[in-house]
Number of protein chains: 2
Amino acid sequence: MPARIHSPERVIQGLAEVFREHGFEGASLAHITKATGLGKGSLYHAFPGGKDEMAAAVLADIDAWFELNVFTLLDDPETPAAKAIDHMLDACAEYFQCGGRVCLVGVFALSDTRDSFAEAVNGYFRRWAEALVEALRRSGLSRTQAQSAAEDVLAGIQGGLVIARAFDDNSYFERELKRLRDRLKMT
Amino acid sequence: MPARIHSPERVIQGLAEVFREHGFEGASLAHITKATGLGKGSLYHAFPGGKDEMAAAVLADIDAWFELNVFTLLDDPETPAAKAIDHMLDACAEYFQCGGRVCLVGVFALSDTRDSFAEAVNGYFRRWAEALVEALRRSGLSRTQAQSAAEDVLAGIQGGLVIARAFDDNSYFERELKRLRDRLKMT
DNA sequence: GTCTATAGATCGATAGAC
DNA sequence: GTCTATCGATCTATAGAC
């Protein structure tokens with residue numbers, strides 16, 4: 001048998017898709033083997049900790065993506081706040097496929113799965129909020145104003161994903177992003 | 001054995017709690033029997049359709065609650081818009097226990113459960129949006145403005161619940177409700 | 001209407017060949 | 001590193017006594 005047919009990135013991506021679609025408890029190994037193309041043996045070779053370790057790997061991968069594509073720019077004191085925030089919203093539109101893809105961290109947050117991954121779930125949103133506050137302060141807002149606006153943006157994004165999915169209408173998420181963009185420009 | 005120890009309302013409430021906490025797939029009959037106090041036999045006597053019928057009953061119960069406590073007042077042409085909207089946000093704070101309780105419809109919307117309950121999930125938010133648009137138009141907004149504001153409020157509520165639960169911090173949801181209240185007053 | 005017992009399928013996880 | 005075979009547990013759902 002050839003070694004390493006499946007690149008780690010593809011496996012993580014397949015895992016993410018299954019967890020997003022079915023949630024943690026609904027993500028059966030049958031679904032996972034189908035999505036990754038790996039048998040159970042291979043999966044448990046790569047993730048000895050089982051489903052918990054698979055989910056943790058996916059969460060770490062998400063963290064890394066947002067760190068690279070969103071948070072770093074928000075933090076960067078040399079990047080104009082407006083540009084960093086615009087880029088953040090563009091990145092969200094891309095990552096969440098304009099509402100066609102839900103946020104795994106949000107999915108985990110809503111169910112009892114949150115208790116098992118509390119640190120990752122909490123950390124993801126905390127890191128995002130802190131970086132966004134940093135950018136908003138650069139744009140001239142007070143700490144209180146910036147925190148309130150950041151909370152509002154995070155809720156808008158997560159809520160936009162929920163409602164877009166409920167209506168099966170991606171344009172809902174796009175309109176929500178537009179509203180957030182406009183609101184951030186006004187402040 | 002005494003008949004009808006468990007009132008239908010208590011059973012539905014127990015079911016709702018389990019589905020909210022664990023999602024549809026994670027809501028095992030073991031959890032359900034524990035939460036309702038009913039054995040499997042009793043449950044399948046009351047809900048011959050199994051878990052699907054249990055979930056549908058819970059969704060219908062939620063619909064009825066919001067119809068009675070939120071939508072009707074928003075629709076009522078004799079109720080001042082500001083009063084109806086204030087009442088809606090109060091009802092949300094109460095129903096979602098200031099963020100301590102998540103929205104089952106939102107939970108279902110995010111996972112593949114949505115496909116099985118698409119009509120109920122879609123209808124819940126559609127009814128809410130329509131009623132809210134009605135109230136906002138009474139307050140003087142154009143149809144376009146009212147629709148945009150209504151979408152924004154729905155997303156804010158759902159997103160507020162996601163983030164509050166992610167942070168395990170109910171004050172987050174309360175602040176989001178306050179922001180929505182202020183924003184609606186400004187328009 | 002409620003229960004216990006249990007069927008039959010699927011679950012997560014492991015063992016061991018290659 | 002990947003597979004098949006398989007384990008014991010748990011799952012949804014049913015049957016039948018009371």
Side-chain angles (χ1 to χ4, degrees), chain A residues 1-59 61 104 107-108 111-117, chain B residues 1-59 61 104 107-108 111-117:
Chain A
M1 300 285 177
R4 192 166 289 279
I5 301 178
H6 312 85
S7 75
E9 301 84 34
R10 303 281 297 182
V11 172
I12 294 282
Q13 216 163 338
L15 287 171
E17 194 182 328
V18 175
F19 283 125
R20 261 194 296 265
E21 188 72 10
H22 300 93
F24 183 77
E25 307 219 45
S28 68
L29 287 180
H31 284 134
I32 293 174
T33 55
K34 190 173 176 183
T36 59
L38 283 173
K40 295 183 189 180
S42 306
L43 286 166
Y44 275 84
H45 177 79
F47 306 99
K51 275 175 69 178
D52 279 50
E53 190 172 339
M54 298 179 206
V58 171
L59 289 172
D61 185 67
L104 177 60
V107 171
F108 277 15
S111 79
D112 65 336
T113 308
R114 183 205 55 163
D115 301 334
S116 309
F117 301 96
Chain B
M1 301 287 180
R4 192 167 288 281
I5 300 177
H6 311 85
S7 75
E9 300 84 35
R10 303 281 296 182
V11 172
I12 294 282
Q13 216 163 338
L15 288 171
E17 193 182 328
V18 174
F19 283 125
R20 261 194 296 265
E21 188 73 8
H22 300 93
F24 183 78
E25 306 218 46
S28 69
L29 286 180
H31 284 134
I32 293 173
T33 54
K34 190 173 176 184
T36 60
L38 283 173
K40 295 182 190 180
S42 307
L43 286 166
Y44 274 85
H45 177 79
F47 305 98
K51 274 175 68 178
D52 279 51
E53 191 172 338
M54 299 179 206
V58 171
L59 289 172
D61 185 68
L104 178 60
V107 171
F108 277 15
S111 80
D112 65 334
T113 308
R114 183 204 56 164
D115 301 335
S116 308
F117 301 96

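A quick note: this is a predicted structure, and the numbers were derived from the prediction, not measured. Letters go in sequence order (proteins before strands), and every chain restarts at 1.
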ask   = Where do B/Phe117 and B/Ala55 come nearest, in terms of heavy atoms and distance?
value =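 Scanning both residues completely, I find the closest heavy atoms to be CZ-CB, 3.6 Å.
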inquiry  = On a heavy-atom basis, which atom in A/Val107 and which in A/Gly23 lie closest, and how many Å separate them?
reply    =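 Residues A/Val107 and A/Gly23, closest heavy atoms: CG1-CA, 4.2 Å.
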Nearest-Å distance for atom pair [atom1]/[atom2], residues [X] and [N]:
| X | N | atom1 | atom2 | answer |
| --- | --- | --- | --- | --- |
| A/Leu43 | C/dG12 | CG | P | 11 Å |
| A/Phe24 | C/dC11 | CZ | P | 14 Å |
| A/Leu29 | D/dT6 | CG | P | 19 Å |
| A/Phe19 | C/dG12 | CZ | P | 9 Å |
| A/Glu25 | D/dC11 | CD | P | 9 Å |
| B/Lys40 | D/dC11 | NZ | P | 8 Å |

query = Going by the side chain to side chain donor-acceptor pair (under 3.5 Å) test, which pairs reach into residues 23-42 of chain B, not counting sequence neighbours?
reply =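 Non-adjacent pairs meeting side chain to side chain donor-acceptor pair (under 3.5 Å): B/Ser28-B/His31.
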ask   = For the side chain of B/Leu38, counting heavy atoms from C-beta on, which of C/dA13, D/dT12, C/dT2 is nearest?
value =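 That would be C/dT2.
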For [N], take OP1 and OP2 only and decide whether either is under 4.0 Å from a side-chain N or O of [X].
| X | N | answer |
| --- | --- | --- |
| A/His45 | D/dT2 | no |
| A/Tyr44 | C/dT14 | no |
| A/His6 | D/dT2 | yes |
| B/Ser42 | C/dC3 | yes |

ask   = In residues 49-57 of chain A, what residues come within less than 4.0 Å of DNA chain C, judged by heavy atoms?
value =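 Contacting residues: A/Gly50, A/Lys51.
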inquiry  = Classify A/Gly41 by what it touches in the nucleic acid, base, sugar-phosphate, or nothing, heavy-atom distance under 4.0 Å.
reply    =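 Result for A/Gly41 = base.
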query = Does the side chain of A/Val11 come within less than 4.5 Å of A/Phe47's, by heavy atoms?
reply =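 Yes. Closest side-chain heavy atoms under 4.5 Å.
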key: Beyond-backbone contact of B/Leu29 with B/Met54, side-chain heavy atoms, under 4.5 angstrom   =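 The answer is yes; the side chains approach within 4.5 Å.
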inquiry  = Applying salt bridge (charged side-chain N to carboxylate O under 4.0 Å, His left out), can you list everything that pairs with B/Arg20, at least two apart in sequence or on another chain?
reply    =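 Salt bridge (charged side-chain N to carboxylate O under 4.0 Å, His left out) list for B/Arg20, sorted by chain: empty.
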query = According to the interplanar angle, ranging from 0 to 90°, do the rings of A/Phe24 and A/Phe19 count as parallel (below 30°), tilted (30 to 60°) or perpendicular (above 60°)?
reply =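 Plane angle under 30°, so parallel.
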